[in-house]
Amino acid sequence: MKPLTHALRTFFPTFGAGIGILLLLLTACTTHPDVPTEYTSVSRQPVIYPDYTDVVVPPNIAPLNFKLMEGCEHCVARITDAKGNSQTYGDRYNVLFPENEWHELIAASTGQQMKVEVFGQNKDGKWLSFKPFTITVANDSIDPYISYRSIAPSYVAYEMLTINQRNLSNFDEREIYNNMIVSAEDNGQCINCHSYQNYGTQNM
């Protein structure tokens, strides 16, 4: 099984480059679509982004929203927790979990697995059923916060740069420092954003 960090490295090669996709996925789906009754089975797992197939996640992780990358017009995902309770999600080709429902699903599967079944409707209106995958929920939680820099993907222009803090159990985010606070335009300061001294936050 892949650890969650594998998917996160794929999703966030840099936080600056990934912010547009992140904003797309943050909105929770409020409907529970029906699973199609007629479909063609596909003998492989679906291609999704980020790749959350067969990952191991902590029990306090934020919703693992994903996009179906199969050229489908619509998709439905059925999530079954370790107690056998199922719920469906789908918004066009995105699978978006309401935060409260996600945490209920993951809490019911702590130390066990959730099964994810994905169905996609192609451009001809026919439904495909992909091979299910699992999400294993570990017993141990992770530290709830991570800090990172947000910078343009080119890496050569640091005039507009922030260091942000993200709550990993949800999508709450706030700025720790913005290098444009006392400067403007091309006078933004370099703020040594690559690392903290000795990996600590005492001397930020």
Side-chain angles (χ1 to χ4, degrees), residues 1-59 61-109 112-138 153 166 168 170-171:
M1 295 182 182
K2 303 188 294 286
L4 179 62
T5 51
H6 173 83
L8 291 178
R9 283 196 298 267
T10 303
F11 190 41
F12 295 118
T14 68
F15 281 90
I19 193 65
I21 299 173
L22 176 62
L23 291 175
L24 172 67
L25 296 179
L26 293 189
T27 304
C29 179
T30 57
T31 60
H32 299 292
D34 294 329
V35 172
T37 56
E38 296 184 4
Y39 51 80
T40 300
S41 297
V42 180
S43 60
R44 61 171 176 81
Q45 293 178 334
V47 178
I48 63 173
Y49 182 81
D51 182 7
Y52 292 135
T53 58
D54 302 323
V55 296
V56 180
V57 303
I61 196 67
L64 299 184
N65 300 323
F66 63 85
K67 177 179 179 179
L68 180 62
M69 306 293 290
E70 295 282 357
C72 293
E73 297 290 327
H74 299 279
C75 74
V76 176
R78 178 166 56 196
I79 316 297
T80 304
D81 65 28
K83 295 182 179 179
N85 301 311
S86 297
Q87 189 54 275
T88 60
Y89 303 94
D91 182 11
R92 294 197 65 193
Y93 39 74
N94 296 317
V95 174
L96 310 171
F97 302 98
E99 186 179 316
N100 61 330
E101 293 184 14
W102 168 260
H103 285 296
E104 289 175 0
L105 286 167
I106 206 169
S109 303
Q112 301 178 77
Q113 292 183 333
M114 298 189 296
K115 183 173 72 172
V116 184
E117 301 166 89
V118 178
F119 304 82
Q121 186 181 44
N122 61 27
K123 295 180 180 179
D124 296 328
K126 297 180 180 180
W127 284 92
L128 304 174
S129 174
F130 296 92
K131 183 179 178 181
F133 63 89
T134 61
I135 295 176
T136 300
V137 184
R166 156 80 190 279
L168 294 176
N170 52 46
F171 296 107

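The figures here come from the full heavy-atom set of this structure, side chains too, leaving out hydrogens, waters and symmetry mates. Worth saying up front: this structure is predicted, and the values here are computed from it rather than measured.
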So, taking the atom named CG in Asn65 and the one named CG in Asn94, what distance separates them when rounded to the nearest 0.5 Å? 8.5 Å

Can you give me the closest heavy-atom contact between Phe171 and Arg166, atom names plus distance? CD2-NH2, 3.4 Å

Would you compute the distance between atom CZ of Arg44 and atom CZ of Phe133 and round it to the nearest 0.5 angstrom? 12.5 Å

Asn122 side-chain N/O to Gly125 backbone N/O, donor-acceptor pair under 3.5 Å: yes

side-chain contact (heavy atoms from CB on, under 4.5 Å) evaluation trace for Leu64 with Ile135: CA-CA 10 Å; Leu64 299 184; Ile135 295 176; 4.3 Å; yes

With a 3.5 Å cut-off and sequence neighbours excluded, list the donor-acceptor pairs that the side chains of residues 34-43 form with protein atoms.
none

Scan for salt bridge (charged side-chain N to carboxylate O under 4.0 Å, His left out) pairs involving residues 124-134, sequence neighbours excluded, and state none if there are none. none

Do Ile106 and Val57 have side-chain heavy atoms sitting under 4.5 Å apart? yes

In short, Pro59 meets Ala138 closest at the heavy-atom pair CD-O, 3.3 Å

Taking it one step at a time, do Leu68 and Tyr49 satisfy side-chain contact (heavy atoms from CB on, under 4.5 Å)? CA-CA 7 Å; Leu68 180 62; Tyr49 182 81; over 6 Å; no

Nearest 0.5 angstrom please: Glu70 CD to Leu128 CG, how far? 8.0 Å

Reported CD1-to-CG distance for the pair Ile61 and Asn170, which is rounded to 0.5 angstrom: 10.0 Å

Under the salt bridge (charged side-chain N to carboxylate O under 4.0 Å, His left out) rule, what pairs show up with a residue in residues 73-84, not counting sequence neighbours? Arg78-Glu117

Using side-chain contact (heavy atoms from CB on, under 4.5 Å) as the criterion, list what pairs up with Ala82, not counting sequence neighbours. Ser109, Gln112

Gln45 meets the side chain to side chain donor-acceptor pair (under 3.5 Å) criterion, sequence neighbours left out, with Asp54

I need the Cys72 SG to Tyr93 OH distance, nearest 0.5 Å. 12.0 Å

So, using side-chain contact (heavy atoms from CB on, under 4.5 Å) as the criterion, who are the partners of Glu101 when residues are at least two apart? His32, Gln87, Tyr89, Pro98

Once side chain to side chain donor-acceptor pair (under 3.5 Å) is applied, do any residues pair with Ser129, and if so which ones, sequence neighbours excluded? none

Test log, rule side-chain contact (heavy atoms from CB on, under 4.5 Å), inputs Leu105 and Met114: CA-CA 8 Å; Leu105 286 167; Met114 298 189 296; 4.0 Å; yes

Starting at CG of Leu96, measure out to CZ of Phe66 and round the result to the nearest 0.5 Å. 9.0 Å

Trp102: ring-ring contact (aromatic ring centres under 6.0 Å, His included) partners, not counting sequence neighbours: Phe97

